[in-house]
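Here the structure comes first, spelled out in structure tokens, and everything after it is commentary.
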Amino acid sequence: MSAVTTTAPAVTEAPPAVRRRRRSLSPGRRLPAARLIGPVLLLALWAAASAAGRLDPGAIPAPWTVLETGARLWTEGTLADDILTSLQRAASGFAIGLVAGVALALAAGLSRVGEALIDGTVNLNRAIPTLGLIPLFILWLGIGETFKIAIIAIVVYIPIYLNTHAALAGIDSRFVELAEVQGLNRFQFIRQIVIPGALPGFFVGLRLGVTGSWLGLVVLEQINATSGLGYLMFQAQNYGQSDVILVGLVVYGVFGLVSDSAVRLIERKVLSWRRSLSS
């Protein structure tokens, strides 16, 4: 019997270009507490410039001076009351704007008649500076809390409407045809097709609305107000108290950052099924 010899196939070495690890084009892994890096760096630069005497203490007080002033105002009860008042105004206006923006977007996005009646009107409203409506709203609603909440609601509902309506308009028509073939009713169509398709745009509008509510509030609280962070800052301006003004700005900034981060967290949880560049 003759021995059968087998030869192993020759292994060809891959060229260097193939052996080299393919470069990733994604942004990479998310850094822990990434959104705090920028504010912390800015705070460090502010503190360093103040300690080196590069900043005029009368115009831009040092961070520790602002912190001491904030602690004093909190101990006296002034800051706590103003923060509570501002939160109530912002929350009331935001809630009204949120409901109005979503309702109008659904009415305009799901009906041609609704779109004809609503979309042009909202875009006309968007073209008019919202803060320019303040004198007219004062004549209509008086100088009290109602006109402030109404202006905040307008500032909030416009970005929510625009982004949600754009997301609805961008839903692929093939999904609509698929829903018709599957025999979905109106409620099932909205729950399974419309809402998932509109959520990405809705959250973009929600983030803009949250930011807009704080931007509108800081202006409105300086108009015939007797409480609130804006009123506190306006009074400090009259007495040249730059440290108090910075306390108000820091509080506004913290509220804006925290509320935006909360919306982003909810967005990641709700849209966890979506694989995007930021995931």
Side-chain angles (χ1 to χ4, degrees), residues 89-217 219-220 223 259-260 263 266-267 270-271 274:
R89 288 173 180 152
S92 299
F94 178 79
I96 296 173
L98 174 62
V99 173
V102 172
L104 292 174
L106 289 175
L110 299 178
S111 169
R112 294 300 182 189
V113 175
E115 184 178 29
L117 294 175
I118 295 171
D119 192 59
T121 305
V122 175
N123 279 279
L124 176 63
N125 189 183
R126 178 173 67 106
I128 300 174
T130 304
L131 297 180
L133 297 173
I134 290 177
L136 188 60
F137 272 62
I138 290 176
L139 291 176
W140 288 349
L141 303 175
I143 201 69
E145 293 295 310
T146 306
F147 100 90
K148 297 181 179 67
I149 294 175
I151 292 293
I152 293 173
I154 292 175
V155 172
V156 170
Y157 100 89
I158 290 177
I160 291 178
Y161 168 85
L162 291 176
N163 286 276
T164 305
H165 181 262
L168 288 171
I171 294 177
D172 197 323
S173 61
R174 289 173 294 182
F175 291 120
V176 181
E177 296 171 358
L178 178 62
E180 293 172 349
V181 171
Q182 294 294 325
L184 300 183
N185 57 36
R186 193 70 171 178
F187 174 76
Q188 292 172 328
F189 170 68
I190 292 176
R191 182 172 62 86
Q192 299 180 24
I193 304 295
V194 172
I195 293 179
L199 279 177
F202 165 73
F203 277 111
V204 173
L206 190 63
R207 291 180 59 193
L208 294 174
V210 168
T211 304
S213 66
W214 295 114
L215 293 177
L217 185 66
V219 176
L220 293 168
I223 301 175
S259 56
D260 183 72
V263 173
I266 296 172
E267 179 183 10
V270 174
L271 301 180
R274 187 181 61 165

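For the single chain, residues carry numbers from 1 onward in sequence order.
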To the closest 0.5 Å, what do you measure between CD1 (Ile190) and CD1 (Ile195)?
7.0 Å
With heavy-atom distances below 4.5 Å as the criterion, would you say the side chains of Val122 and Tyr157 are in contact?
yes
Atom CZ of Phe189: over 12 foreign heavy atoms under 6.0 Å:
yes
d(Leu271 CG, Phe202 CZ) to nearest 0.5 Å is 10.5 Å
To the nearest 0.5 Å, what is the distance between CZ on Phe175 and CG on Leu184?
13.0 Å
Rounded to the nearest 0.5 angstrom, the CD1-CG distance for Ile193 and Leu168 is 12.5 Å
Search all heavy atoms of Ile118 against all heavy atoms of Ala107 and return the closest pair with its distance.
CD1-CB, 3.7 Å
Smallest heavy-atom separation, Pro159 atom then Leu208 atom, equals CB-CB, 3.7 Å
For a 4.5 angstrom cut-off between non-hydrogen side-chain atoms, does Val194 reach Val176?
no
Once rounded to the nearest 0.5 Å, what's the spacing between atom CD of Gln182 and atom CD of Glu177?
13.0 Å
Thinking salt bridges, do Glu115 and Arg112 make one under a 4.0 Å N-O criterion?
yes
Verify, without hydrogens or angle tests, whether Asn185 (side chain) and Gln188 (backbone) share a donor-acceptor contact under 3.5 angstrom.
yes
Quick check against the 3.5 Å criterion: does Ser213 have a side-chain atom that pairs as donor or acceptor with the backbone of Val210?
yes
Between atom CD1 of Ile151 and atom CD1 of Ile223, what is the distance when rounded to the nearest 0.5 Å?
8.5 Å
Using 30° and 60° as the class boundaries, would you call the ring planes of Phe137 and Trp140 parallel, tilted or perpendicular?
tilted
Side-chain heavy atoms of Leu215 within contact of Thr211, under 4.5 Å
yes
Looking at side-chain heavy atoms only, is the closest gap between Ile266 and Leu206 below 4.5 Å?
no
Over all atoms of both residues, closest heavy-atom pair of Tyr161 and Ala108
OH-CB, 3.5 Å
